[in-house]
Amino acid sequence: MNEEIRFAFGQTSLGTILVASSNQGVVAVLLGDDPRELVGNLKDRFPKASFVSAEREQALVARVAAAVEAPESALDVALDVRGTAFQQRVWQALRDIPSGATVSYAEVARRIGAPKAIRAVAGACAANPLAIAIPCHRVVRNDGTLSGYAWGVARKRALLDRETVR
DNA sequence: TATTCCTGTCCTG
DNA sequence: CAGGACAGGAATA
């Protein structure tokens with residue numbers, strides 16, 4: 001394989017973001033505090049790929065960053081989602097969640113036809129490499145509380161605050 | 001409220 | 001290949 005992945009950084013009110021793309025589309029959108037940390041994260045997820053810092057990705061980063069600041073606007077970029085069949089099913093279901101809404105893990109499990117596989121759904125969310133593009137932050141516990149978030153519960157809460165209609 | 005079992009996937013030995 | 005860990009939930013006492 002030894003595939004080439006292009007990436008670039010951006011700044012949002014939530015911190016630094018990294019957007020990485022293959023020839024097929026975006027493979028990862030990562031959130032963090034430090035660019036160095038994000039690159040390390042990216043390499044962990046795609047150990048076999050080679051990475052190129054690409055200026056022309058800045059336009060793409062800008063679109064994703066805009067989606068962070070204004071979640072109600074749709075983010076229509078090509079995605080190259082990698083994962084098991086189960087994970088793909090979960091992530092597809094997540095993309096159907098409208099902005100401003102939240103869904104429980106049980107609800108997601110029911111939608112993908114595995115109502116008992118709640119913990120598996122949580123695992124798939126945790127493994128989701130596409131922050132924002134796949135709104136795993138809209139998945140909360142059955143009682144409405146936030147449990148965890150791969151990039152920090154504080155960011156999860158901030159995102160939900162921003163898109164919740166009051 | 002606390003315990004226990006269930007669940008699908010990934011990670012480690 | 002086996003065992004444990006996980007961003008949960010429901011049933012039981």
Side-chain angles (χ1 to χ4, degrees), chain A residues 1-3 5 7 12-22 24-51 64-65 67-69 71-72 75 79-166:
Chain A
M1 292 298 280
N2 197 10
E3 152 180 56
I5 291 180
F7 69 94
T12 73
S13 55
L14 297 180
T16 303
I17 67 170
L18 179 153
V19 180
S21 319
S22 69
Q24 326 293 326
V26 178
V27 291
V29 176
L30 308 179
L31 299 173
D33 299 315
D34 169 34
R36 221 174 36 75
E37 162 201 349
L38 292 177
V39 173
N41 193 327
L42 182 64
K43 289 183 178 176
D44 281 347
R45 290 176 189 271
F46 303 95
K48 296 184 176 176
S50 58
F51 300 96
V64 179
V68 173
E69 310 298 343
E72 64 273 7
L75 176 64
L79 299 181
D80 179 12
V81 184
R82 319 232 169 145
T84 66
F86 181 83
Q87 288 171 332
Q88 304 240 10
R89 246 180 290 144
V90 173
W91 297 338
Q92 175 131 10
L94 296 186
R95 293 208 293 161
D96 288 336
I97 304 173
S99 171
T102 58
V103 176
S104 71
Y105 291 90
E107 174 70 15
V108 175
R110 203 163 52 74
R111 287 189 192 180
I112 65 172
K116 302 298 183 77
I118 299 161
R119 287 198 82 154
V121 170
C125 293
N128 164 34
L130 290 162
I132 314 301
I134 294 177
C136 54
H137 59 275
R138 293 187 190 137
V139 186
V140 298
R141 268 165 60 167
N142 200 15
D143 57 12
T145 59
L146 309 186
S147 41
Y149 191 54
W151 299 282
V153 179
R155 287 196 178 92
K156 182 172 185 175
R157 185 162 24 236
L159 282 166
L160 289 175
D161 271 357
R162 192 164 303 181
E163 62 187 47
T164 298
V165 187
R166 306 196 185 91

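We name chains A, B, ... by the order of the sequence lines, and we start the count at 1 in each one. Values below: every heavy atom of this structure, side chains too, minus hydrogens, waters and symmetry copies.
For A:Ile118 and B:dT7, the CD1 to C1' distance is 8 Å, given to the nearest whole Å. Straight-line distance from the CZ atom of A:Phe86 to the P atom of B:dT7: 13 Å, rounded to whole Å. Here the P atom of nucleotide C:dA7 and the NE2 atom of A:His137 are 19 Å apart, to the nearest Å. A:Leu31 has its CG atom 16 Å from the C1' atom of C:dA7, to the nearest Å. Taking atom CZ of A:Arg82 as the reference point, atom P of B:dC10 lies 16 Å away to the nearest angstrom. A straight line from CG of A:Leu94 to P of C:dA7 spans 16 Å, rounded to a whole angstrom. Between A:Arg155 atom CZ and C:dA7 atom P there is a gap of 17 Å when expressed in whole angstrom units. Summarising the geometry, the separation between CZ on A:Arg110 and P on C:dG9 is reported as 13 Å, rounded to the nearest angstrom.
Under the 3.5 Å distance criterion, the side-chain polar atoms of A:Lys156 are left unmatched by any main-chain donor or acceptor of A:Cys136. Looking at A:Arg155, its side chain does come within 3.5 Å of a backbone N or O of A:Leu14 through a donor-acceptor pair. A:Glu107 places no side-chain N or O within 3.5 Å of a backbone atom of A:Ser104 that could act as its donor or acceptor partner.
The shortest distance between the side-chain N/O atoms of A:Ser147 and the OP1/OP2 oxygens of C:dG8 is below 4.0 Å. Between B:dC10 and A:Gln87, a contact under 4.0 Å exists linking OP1 or OP2 to a side-chain N or O. Between A:Ser104 and the phosphate of C:dG8, there is no side-chain N or O to OP1/OP2 separation shorter than 4.0 Å.
Each of C:dA7, B:dT7, C:dG8 was ranked by its minimum atom distance to the side chain of A:Arg141; first place goes to C:dG8. Counting only heavy atoms from C-beta on, A:Asn142 has its side chain closest to C:dG9 among C:dG9, B:dG8, B:dT7.
Residue A:Ala109 is out of contact with every strand shown, counting any heavy-atom pair closer than 4.0 Å. Residue A:Ala126 is in base contact, counting any heavy-atom pair closer than 4.0 Å across all strands shown. Base contact: A:Arg119 has a heavy atom under 4.0 Å from a base atom.
Base pairing of C:dG3 is made with B:dC11, judged by Watson-Crick or G-U wobble geometry with both donor-acceptor distances under 3.5 Å.
Residue-to-nucleotide proximity on DNA chain C shows that, of A:Gly123 and A:Ala106, the 5′-proximal contact is made by A:Gly123.
A:Glu37 pairs with exactly one of A:Val39, A:Asp34, A:Asn41 by the side-chain contact (heavy atoms from CB on, under 4.5 Å) rule, that one being A:Asp34.
The nearest pair of heavy atoms linking A:Leu160 to A:Thr102 is CD2-CG2, 4.0 Å.
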